[in-house]
Chemist: 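The following block contains the structure, expressed as structure tokens.
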Amino acid sequence: MALAMTGGAQAQLRYRVETIGVLGPDNASSYSWAYGLNNHGSVVGYSYAQDDEVPFRAFAYENDQIRDPGNMNGFNTTSARAINDRGQIVGYATNWATYEDRPFLYDQGQLKDLNPAPGTGNAAYAHAINESGQVAGTINGRAYVHDGTQAHFIPFEGEDIGTTIAWAINDHGVAVGRAEHGFGRSDAFVWDGNSVSYLPAPQGASDSRMDGADINNAGQILVDANYRAFLYDGGTYQALGTLNGMSTSAAALNEKGWIVGSSEVGGSNPSQPFHAFLWRNGRMRDLNDLLDHDAAQRWELHYAMDINDRGQIVGLGMTDGLLRGFIATPVPEAGTWKLLLAGLGGVGAVAWRRRRGPRD
């Protein structure tokens, strides 16, 4: 009876939260923002410290330690956006003197400029990286995929095509993002390595502002459409809902189909009207409602930016009056549940054998 009650009580998913600090002087004006993580729990993002010689710096956080990957020559600041399981990090670097942003890949201790050629882009960014090292982003308003050797612009047809941005790329090399057209309209696109296709508008939603936010290896796609968020799977849309507010923005999904993002909440602090959410099994939950007792006393989580296959979530929240990046980890971690159940089964089997006694 006691074992059954223990297993049932732990079936409710709860999260503990770690604070990600800042690089440089840590005070009320400093903050950190966690953007991406891999399946090992390594986190990347950027840190701001007003009194530091270099206020904005990319960070990598693992094993309770925060570090600076460094800068590219001639560039003052960096911001990291994604990391794969090989530890490769992508983001962008900024040169304040020339107002130039350049995409970078951090690999084996080196920062590599991913621009196709020097001087070809002053507004260039890397947003995502898959397990083979392919990178997705935008250079001067044109979406690209970098194959590890060079950047290839995604070909779009039509005279009205404006800015295009690739936000995500899965391990099959399929990228998703946004293609802007005239009169403020945009489409969510899918690039399969050969051609571009556009997703239809969700039923009941206008197609005037659509964006492909993320894609997993199963081909499930996160779509933002006119301040609402949807999961597109096998030609069908499922609305994610809201947290009693007017708008929702989806950020990432994992291979289990769990989704994170931010949703407006009614009656919340007007200066921070969004809460981080976790969507799974067809239901959206305020991530703040899933925190363990200690975390709930210290945190208000506002933006969830990424989720890995272990169910760990990173983003931005408020703790002790400070804006800080966070990593939220399931308690127990999703990967340990099977071990827990196996352990309970083993104990039950021992008890059963003891009741029966040895075979005759």
Side-chain angles (χ1 to χ4, degrees), residues 23 32-47 54 56-62 65-96 98 100-154 164-177 191 193 213-215 217 251-252 305-306 308 314 325:
L23 297 166
S32 58
W33 194 316
Y35 266 88
L37 82 164
N38 62 20
N39 287 318
H40 304 302
S42 301
V43 184
V44 296
Y46 76 90
S47 166
V54 181
F56 289 96
R57 290 194 279 168
F59 72 75
Y61 176 86
E62 53 192 350
Q65 299 292 322
I66 188 170
R67 61 183 175 87
D68 181 355
N71 288 330
M72 292 194 306
N73 291 335
F75 288 80
N76 309 91
T77 67
T78 52
S79 178
R81 298 293 170 163
I83 181 172
N84 64 15
D85 288 349
R86 296 161 60 186
Q88 296 175 308
I89 300 170
V90 295
Y92 65 91
T94 301
N95 185 324
W96 291 351
T98 61
E100 184 178 11
D101 294 318
R102 303 288 285 271
F104 72 75
L105 168 67
Y106 177 82
D107 187 19
Q108 298 181 353
Q110 299 294 322
L111 279 175
K112 177 183 178 181
D113 189 345
L114 295 182
N115 238 18
T120 60
N122 58 7
Y125 310 92
H127 297 301
I129 184 169
N130 65 16
E131 292 308 315
S132 64
Q134 291 177 300
V135 179
T138 184
I139 295 174
N140 278 6
R142 298 179 64 188
Y144 72 87
V145 170
H146 196 287
D147 62 9
T149 302
Q150 62 181 335
H152 303 273
F153 289 112
I154 296 175
T164 57
I165 304 171
W167 292 119
I169 185 167
N170 68 15
D171 292 339
H172 305 301
V174 180
V176 298
W191 165 250
D214 199 9
I215 182 171
N217 291 333
M305 304 303 298
D306 202 4
N308 66 15
V314 296

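Bear in mind that the values here come from a model prediction, so they are computed numbers and not experimental data. For reference, positions follow the sequence shown, starting with 1.
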Chemist: Do Val145 and Trp191 have side chains that approach each other closer than 4.5 Å (heavy atoms only, starting at C-beta)?
Modeler: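 They are in contact (side-chain heavy atoms under 4.5 Å apart), so the answer is yes.
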Chemist: Do the ring planes of Tyr125 and Tyr92 sit parallel (below 30°), tilted (30 to 60°) or perpendicular (above 60°)?
Modeler: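 The rings of Tyr125 and Tyr92 stand perpendicular, inter-plane angle above 60°.
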Chemist: Quick check: closest heavy atoms across Ala93 and Thr78, and the distance to 0.1 Å?
Modeler: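 Result for this residue pair: CB-CG2, 3.9 Å.
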Chemist: Give, for atom CZ of Arg81 and atom CD1 of Ile129, the distance between the pair rounded to the nearest 0.5 Å.
Modeler: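 Here the interatomic distance stands at 15.0 Å.
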Chemist: Look at atom CD of Gln110 and say whether more than 12 heavy atoms of other residues, nucleotides or ligands are closer to it than 6.0 Å.
Modeler: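 Not more than 12 within 6.0 Å, no.
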Chemist: A side-chain contact here means heavy atoms from C-beta on lying under 4.5 Å apart; do Val174 and Ile215 qualify?
Modeler: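 Val174 reaches Ile215 side chain to side chain.
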Chemist: Under a 4.5 Å cut-off applied to non-hydrogen side-chain atoms, are Leu105 and His146 in contact?
Modeler: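 Leu105 does not reach His146 side chain to side chain.
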Chemist: Would you give the length of the straight line joining atom CG of Leu37 to atom CD of Glu62, rounded to the nearest 0.5 angstrom?
Modeler: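 Leu37 atom CG to Glu62 atom CD measures 11.5 Å (nearest 0.5 Å).
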Chemist: If you round to the nearest 0.5 Å, how far is CG of Asp68 from OH of Tyr46?
Modeler: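 Between atom OH of Tyr46 and atom CG of Asp68 there are 15.0 Å.
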Chemist: Between Ala126 and Val90, what is the shortest heavy-atom contact and its length?
Modeler: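 The pair with the smallest heavy-atom distance is CB-CB, 3.8 Å.
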Chemist: Identify the two heavy atoms, one from Asn84 and one from Asn38, that lie closest to each other, and give their separation to 0.1 Å.
Modeler: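 Taking Asn84 first and Asn38 second, the nearest heavy atoms are O-ND2, 3.0 Å.
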Chemist: Please tell me if the side chains of Asp107 and Lys112 come closer than 4.5 Å, counting only heavy atoms from C-beta onward.
Modeler: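 The answer is no, as the side chains (C-beta and beyond) never meet within the 4.5 Å cut-off.
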